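Here is the structure we will look at, set down as structure tokens.
What you are looking at is a predicted structure, and each value in this text was computed from that prediction instead of being measured. Just the heavy atoms: all of them, side chains too, but no hydrogens, waters or symmetry mates, feed the values below.
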Amino acid sequence: MDYAQFFEEQISGLKTEGRYRVFAEIMRHVSHFPEATQYTEKGDRDIVVWCSNDYLGMGQNAVVLDAMHEAIDLCGAGAGGTRNISGNNRFHVLLEQELASLHSAEAALLFTSGYTANMTTLMTLGAAIPGCIIFSDSQNHNSMIEGIRHSRAPRMIFRHNDIAHLEELLAAAPINAPKLVAFESVYSMDGDIAPIKEICDVAEKYNAMTFLDEVHAVGMYGVHGGGVSERDGQSHRLTFIQGTLAKAIGVHGGYVAGSRAAIDFIRSFGQGFIFSSSMPPAVAAGARASIQYLKQHNEIRERHQERAETLRQKLTDAGLPVIVTTSHIVPVLVGEASRCKQASDLLLEEHGIYIQPINYPTVPRGSERLRITPTPLHTNAQMDALIVALNAVWARLDLKMTA
């Protein structure tokens, strides 16, 4: 095989489909988010970021930055290794206690990313529990899919947020078989929200464990930021709650929370935890400070929801094809990969607006979109400029408006 030719052909295929990604080189600036600087061969210029997963701007918050500086001054940069050998820092322990408290759980366990937390936990549960059957929502994130797949446990896929279909599959499974229902609270591409109570009801009826991914909700829903499960009063019913520290918390890393025994099981058997170096102590300190701050400042969440709804209404009034959701995620439908990439490029090159295209396999072909994530820091003026830019791009590319 000509390996170089194979690699080149695969990349050429992506380019032909319009799915080849070119990463813009940008730098955020403290106290100026969502404004940033883009670096190009023609020089530097100011842009406005509209697709960050730092949903609340906490990556710029002075409380978080101060905590990280203090931790670096206290104990240096890295943790020194895996937690099993030399990297179990005091800041890791304090953060896990904070996360357990956030979700009203007995314990929590840190991972290097939300992806690793999902993959390790689901893989460990499916592989280690004899005869375990995993029931997975059809729209679950790739990290969950990969964890389930690598567990080699039997898996059943239920239609997205379809309680009747989930119950049908659970009822057909052997009555004494261990069962786990895996789903998300906020689905990041469509922005819809799972019926957590109803899923817990049917899971409990068939003696199934529950695994809830709160990655796109932790920090942003519930009076303390515990996610949709806190908002809906369901946290206590879930076997596992998984989350990230890299989105609304504004730093980096992932975690899973649950009972003391369940978390100790993952800590003791989860290879993605055992063999990974632990996160830098300063990152843990910053995440802890962010969570503590968000617990006490519900007004940030209220402002965030208002900003998302205001932008959604402006897009609707302009006749742009916004996908209406009940969450903070505001997708605008394009429907074709190459033109989605063109729209993203034009927004950045001609209007200084940064929104990455979302193409297959992240979303199904034919549903390509621009995924907009307004923050509490986006102004009305910036929203109005975005509407003007989108209208210009839609006209330029002859894209479909709302009927």
Which pair of non-hydrogen atoms, one from Q242 and one from G114, has the smallest distance, and what is that distance?
NE2-O, 3.0 Å
Can any side-chain N or O of T239 pair as donor or acceptor with the backbone N or O of T210 at less than 3.5 Å?
yes
Please determine whether side-chain contact (heavy atoms from CB on, under 4.5 Å) holds for the pair Y354 and V48, giving the CA-CA distance in whole Å, both sets of side-chain angles, and the decisive distance to 0.1 Å.
CA-CA 6 Å; Y354 183 58; V48 177; over 6 Å; no
T120 side-chain N/O to G270 backbone N/O, donor-acceptor pair under 3.5 Å:
no
Which class fits the ring pair F211 and F240: parallel under 30°, tilted 30 to 60°, perpendicular over 60°?
tilted
Could you walk me through whether H103 and Y255 pass the ring-ring contact (aromatic ring centres under 6.0 Å, His included) check?
CA-CA 11 Å; H103 294 294; Y255 66 90; 5.5 Å; yes
Take Q38 and T40 through the side chain to side chain donor-acceptor pair (under 3.5 Å) test and state the conclusion after the steps.
CA-CA 6 Å; Q38 180 193 11; T40 72; 5.9 Å; no
If you compare all heavy atoms of S185 against all heavy atoms of A217, which two are closest, and at what distance to 0.1 Å?
OG-CB, 3.5 Å
Hey, does D190 have a side-chain heavy atom less than 4.5 Å from the side chain of V363?
no
Just by modelled atom types, is the Y360 backbone N or O under 3.5 Å from a matching donor or acceptor in the R19 side chain?
yes
Hey, what do you get for OG1 (T116) to CE (M123), rounding to the nearest 0.5 Å?
9.5 Å
Nearest-0.5 Å distance, CG of residue D345 to CD1 of residue I355:
12.0 Å
Side-chain heavy atoms of I300 within contact of L294, under 4.5 Å
yes
Test item: side-chain donor near acceptor, Q342 and R339, under 3.5 Å
no
For K400, does its backbone N or O pair with a side-chain atom of W394 as donor and acceptor, under 3.5 Å?
yes
CD of Q271 to CE of M119, rounded to nearest 0.5 Å, is 10.5 Å
Let me confirm one number: the CZ-CZ distance from R307 to R303, rounded to the nearest 0.5 Å.
4.0 Å
Would you kindly say whether S12 and Q10 are connected by a side-chain donor-acceptor distance under 3.5 Å?
no
Could you tell me if T310 and E306 have a donor-acceptor pair between their side chains, going purely by distance under 3.5 Å?
yes
Does the side chain of V393 come within less than 4.5 Å of H351's, by heavy atoms?
yes
Taking the side chain as C-beta and beyond, is there a heavy-atom pair between N88 and V93 under 4.5 Å?
yes
Quick one: do the D213 and N140 side chains pair a donor with an acceptor below 3.5 Å?
no
Output for pair (I249 CD1, D54 CG), nearest 0.5 Å, gives 10.0 Å
Is there a side-chain contact (heavy atoms from CB on, under 4.5 Å) between D192 and V186? Walk through the geometry before answering.
CA-CA 6 Å; D192 55 336; V186 176; over 6 Å; no
Less than 4.0 angstrom from a charged side-chain N to a carboxylate O is my criterion; do K314 and D317 meet it?
no
Any Lys/Arg nitrogen of R28 or E35 sitting under 4.0 Å from an Asp/Glu carboxylate oxygen of the other?
no
Cationic N near anionic O, under 4.0 Å, D201 to K197:
yes
Reference residue P331; test side chain to side chain contact (heavy atoms under 4.5 Å, CB included); the match among T325, I372, V324:
T325
Any idea how F273 and F111 line up, ring-wise: parallel (<30°), tilted (30 to 60°), or perpendicular (>60°)?
perpendicular
Decide yes or no for P321 and V332: does some side-chain heavy atom of the first lie under 4.5 Å from some side-chain heavy atom of the second?
yes
Taking the side chain from D137 and the backbone from N161, do they hold a donor-acceptor pair closer than 3.5 Å?
yes
Measure from the side-chain N and O atoms of E214 to the backbone N and O of V228, and report whether any donor-acceptor pair falls under 3.5 Å.
yes
Would you please say whether a donor-acceptor pair under 3.5 Å links the side chains of K295 and S101?
yes
Centroid-centroid distance, H141 to Y187, less than 6.0 Å:
no
Worked verdict on T373 versus H328 for side chain to side chain donor-acceptor pair (under 3.5 Å)
CA-CA 7 Å; T373 53; H328 59 283; over 6 Å; no
May I have the step-by-step check of side chain to side chain donor-acceptor pair (under 3.5 Å) for Q296 and Q292, ending in yes or no?
CA-CA 7 Å; Q296 301 299 319; Q292 290 176 329; over 6 Å; no
Y55 and H304 aromatic ring geometry - parallel, tilted or perpendicular at 30°/60° bounds
tilted
Using the ring of each side chain (for Trp, its six-membered ring), is Y293 parallel, tilted or perpendicular to H297, with breaks at 30° and 60°?
parallel
Heavy-atom neighbours of N207 CG exceed 12 at 6.0 Å:
no
For residues Y221 and D232, is any side-chain donor paired with an opposing acceptor at under 3.5 Å?
no
Polar side-chain atom of E106 near backbone of R260 as donor-acceptor pair, under 3.5 Å
yes
Please tell me if the side chains of L245 and L99 come closer than 4.5 Å, counting only heavy atoms from C-beta onward.
yes
With the threshold set at 4.0 Å, does a side-chain nitrogen-carboxylate oxygen contact exist between E350 and R396?
yes
Less than 4.5 Å apart, any side-chain heavy atom of N53 and any of T244?
no
Side-chain donor-acceptor pair present, Q305, E309, cut-off under 3.5 Å:
no
From CD (Q97) to CG (L102), nearest 0.5 Å
14.0 Å
Would R365 and E17 pass as an ion pair if we require N to O under 4.0 Å?
yes
Going through the checks in order, is the side chain to side chain donor-acceptor pair (under 3.5 Å) test met by S31 and Q60?
CA-CA 6 Å; S31 302; Q60 306 279 310; over 6 Å; no
Show your reasoning for whether side-chain contact (heavy atoms from CB on, under 4.5 Å) applies to L170 and F135.
CA-CA 8 Å; L170 285 165; F135 299 80; 3.5 Å; yes
Side chains of Q356 and S344, heavy atoms from C-beta outward: is any pair under 4.5 Å?
yes
Apply side-chain contact (heavy atoms from CB on, under 4.5 Å) to residues Y206 and E167 and explain how you reach the verdict.
CA-CA 8 Å; Y206 293 93; E167 179 161 16; 3.0 Å; yes
Exam field: side chain E204 to backbone V202, donor-acceptor pair closer than 3.5 Å:
no
Please check: side-chain N/O of R301 versus main-chain N/O of G219, any donor-acceptor pairing under 3.5 Å?
yes
When you measure from the side chain of H92 to the backbone N and O of N89, does any donor-acceptor pair fall under 3.5 Å?
yes
Is it true that S104 and H236 share a donor-acceptor pair across their side chains at a distance under 3.5 Å?
no
Step through it carefully: locate the ring centre of Y3, locate the ring centre of F7, and say whether they are under 6.0 Å apart.
no
Under 3.5 Å side-chain donor-acceptor pair for R83 and S277
no
